[in-house]
Amino acid sequence: MVALLNSIVGLPQASTIAASVDVLYDFVFWVSLVSLVGITAAMLYCMVRYRRSKSDPEKTPYIEGHTPSELGMSVVLFIIVMVIFYWGWVDYKKILTAPAGAMEINVTARQWAWQFEYTNGRKMLGELVVPAGRPVRLLMSSNDVLHSFFVPNFRVKQDIVPGAYTTLWFEAPEVGEHPVYCAEYCGTAHSKMLATLRVIDADEYAQWQMKWEYGQKLGIGEAEAAEATPADSTAAPAADGAAPAAGEDLATRGKRAFAEKGCNACHSITGESVVGPTVKGLFGSEREFVDGATATADENYLRESIMDPQQHVVKGFQPVMPTFRGTLTDDDTNALIAYIKSLRN
Ligand code: CUA
């Protein structure tokens, strides 16, 4: 079924989830429309049918109610609502969880620009390039206030919160260009906080990255970095954080930060416990805390452990780690987490 909204607005269905979102949207729309017409018609009929009679204006019939129709109505409405709930839940679960093996890209939002960083360390400002036919998982955080990553053509939207990670995933089967909007009012230039999402052929994408990686190794990456800066003068200044060394990917930069910030004094990468827990095999593992609570070590857990280490102290360890809030930039934090993730096996 062609989505009614699409026929008016003309939004393409450019992701694997878009059609499912539209079908459910249509279902809710048509159920609402039929209900509205039905209720209005019944109301108008009753207004005419049971209007005050001219012959006996004082008399109104005493109505006892009608249990079967009241019960029937309630049951039917309950079923419709539960169908919408279950259907929505099934689709929401698909939207929530990225498929295993999805490609990961860090997104940093700030007033008023989008920065994208690939695992190879390549940064793009205002433009996100992804391969067609491959699931992409965005690991998003904000440098300042609330923002929201919204790609109408993909029917995906996710708030971005300072001090934590939120994620969003999509897969675009076809090559194309799609506008990205900020969908959370974030200050003066909110409406100019735009980006372009370019979906290119998977082979072309591999070449595009490889070319950049070789350029970095040969030290000729400057021209492209300038190209990545949008002409829009309202965009924020250049990317923050320590500039990556030539050819340095995100995990390698994280490894460097791990040594430079002294993490290795207390956390081994060999599986051995020193002052703090080892980071080997940490990502994705189950953690048990001194208070008996447990959690899975995901990106947000790692971030919290770096910024607010006393929040969840792992069982068997002392609460001695200092906070790195203010010491580590978001960029360094992303890199550190990428490094810890690379040690998961
Ligand atoms: Cu960022 Cu609105």
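Arg253 approaches Asp331 most closely through the heavy-atom pair NH1-O, 3.8 Å. The minimum heavy-atom distance linking Thr119 with Glu104 is given by the pair CG2-O, 3.8 Å. Taking every heavy atom of both residues into account, Pro135 and Pro99 meet most closely at CB-CG, 3.7 Å.
Between the side chains of Ser148 and Asp159, at least one donor-acceptor pair of N or O atoms lies under 3.5 Å. Side-chain N/O atoms of Gln13 and Asp22 include a donor and acceptor closer than 3.5 Å. Looking at Ser268 and Thr278, their side chains do bring a donor and an acceptor atom within 3.5 Å of each other. Side chains of Thr333 and Asp330: no donor on one and acceptor on the other come within 3.5 Å. If you check the side chains of Tyr118 and Asp249, you find no donor sitting under 3.5 Å from an acceptor.
Ring orientation note: the planes of Phe29 and Tyr25 are close to parallel, at an angle under 30° on the 30°/60° scale. Between Phe116 and Trp114, the ring planes are parallel. Angles under 30° get that label, and only those over 60° would be called perpendicular.
Proximity of Arg198 to Val175: side-chain heavy atoms (C-beta onward) are nowhere separated by under 4.5 Å. Considering only heavy atoms from C-beta on, Phe149 stays 4.5 Å or farther from Tyr181 through its side chain. The side-chain heavy atoms of Trp112 and Thr188, taken from C-beta on, include a pair separated by under 4.5 Å. A heavy-atom distance below 4.5 Å is found between the side chains of Asp298 and Tyr301. Phe85 has its side chain out of reach of Val83: every pair of non-hydrogen atoms, C-beta onward, lies at least 4.5 Å apart. The shortest distance between side-chain heavy atoms of His312 and Ser305 does not fall below 4.5 Å. Taking the side chain as every heavy atom from C-beta outward, Leu194 and Pro179 never approach each other to under 4.5 Å. In this structure the side chain of Leu343 never reaches within 4.5 angstrom of the side chain of Leu282, judged on heavy atoms.
Counting non-hydrogen atoms of other residues, nucleotides and ligands closer than 6.0 Å to CD of Glu70 gives a total above 12. Shown here is Glu174, whose CD atom has no more than 12 heavy atoms of other residues, nucleotides or ligands within 6.0 Å.
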**Prompt:** Between Tyr165 and Asn334, is a side-chain hydrogen bond (donor to acceptor under 3.5 Å, both in side chains) present by the stated rule, with each step listed?
**Reply:** CA-CA 10 Å; Tyr165 287 113; Asn334 290 343; 2.5 Å; yes
**Request:** Could you walk me through whether Ile200 and Val129 pass side-chain contact (heavy atoms from CB on, under 4.5 Å), step by step?
**Result:** CA-CA 7 Å; Ile200 61 176; Val129 181; 3.6 Å; yes
**Message:** Is there a side-chain contact (heavy atoms from CB on, under 4.5 Å) between Val130 and Ile105? Walk through the geometry before answering.
**Reply:** CA-CA 9 Å; Val130 299; Ile105 301 171; 4.0 Å; yes
**Request:** Mind running side-chain contact (heavy atoms from CB on, under 4.5 Å) on Cys186 and Met193 for me, showing each step along the way?
**Result:** CA-CA 9 Å; Cys186 55; Met193 191 168 164; 3.8 Å; yes
**Request:** Report the C-alpha distance between Gln115 and Met124 in whole Å, list the side-chain angles of each, state the deciding distance to 0.1 Å, and finish with yes or no for side-chain contact (heavy atoms from CB on, under 4.5 Å).
**Result:** CA-CA 6 Å; Gln115 180 194 287; Met124 305 279 288; over 6 Å; no
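Under a hydrophobic clustering in which Ile, Leu, Val, Met, Phe, Trp and Tyr are joined whenever their side-chain heavy atoms come within less than 4.5 Å, directly or via other members, Phe150 and Phe154 fall into different clusters. Linking ILVMFWY residues whenever their side-chain heavy atoms come closer than 4.5 Å, directly or via other members, leaves Val161 and Leu138 in distinct clusters. Clustering ILVMFWY residues whenever any of their side-chain heavy atoms sit less than 4.5 angstrom apart, transitively, puts Met140 in a cluster other than the one holding Leu146. Note: the hydrophobic cluster containing Leu336 also contains Val314 (ILVMFWY, side chain heavy atoms under 4.5 Å, direct or indirect links). Follow the hydrophobic side-chain contacts under 4.5 Å out from Leu139 and you never reach Leu250; the two are in separate clusters.
Taking the charged nitrogens against the carboxylate oxygens, Arg134 and Glu171 have no contact shorter than 4.0 Å, which rules out a salt bridge. A salt bridge links Glu299 and Lys341; the closest N-O separation between the charged side-chain nitrogens and carboxylate oxygens is under 4.0 Å.
Relative to the six-membered ring of Tyr339, Lys255 misses at least one condition, a distance below 6.0 Å or an angle of at most 45° to the axis.
The side-chain contact (heavy atoms from CB on, under 4.5 Å) test with His178 is passed by exactly one of Thr196, Leu11, Val151: Val151.
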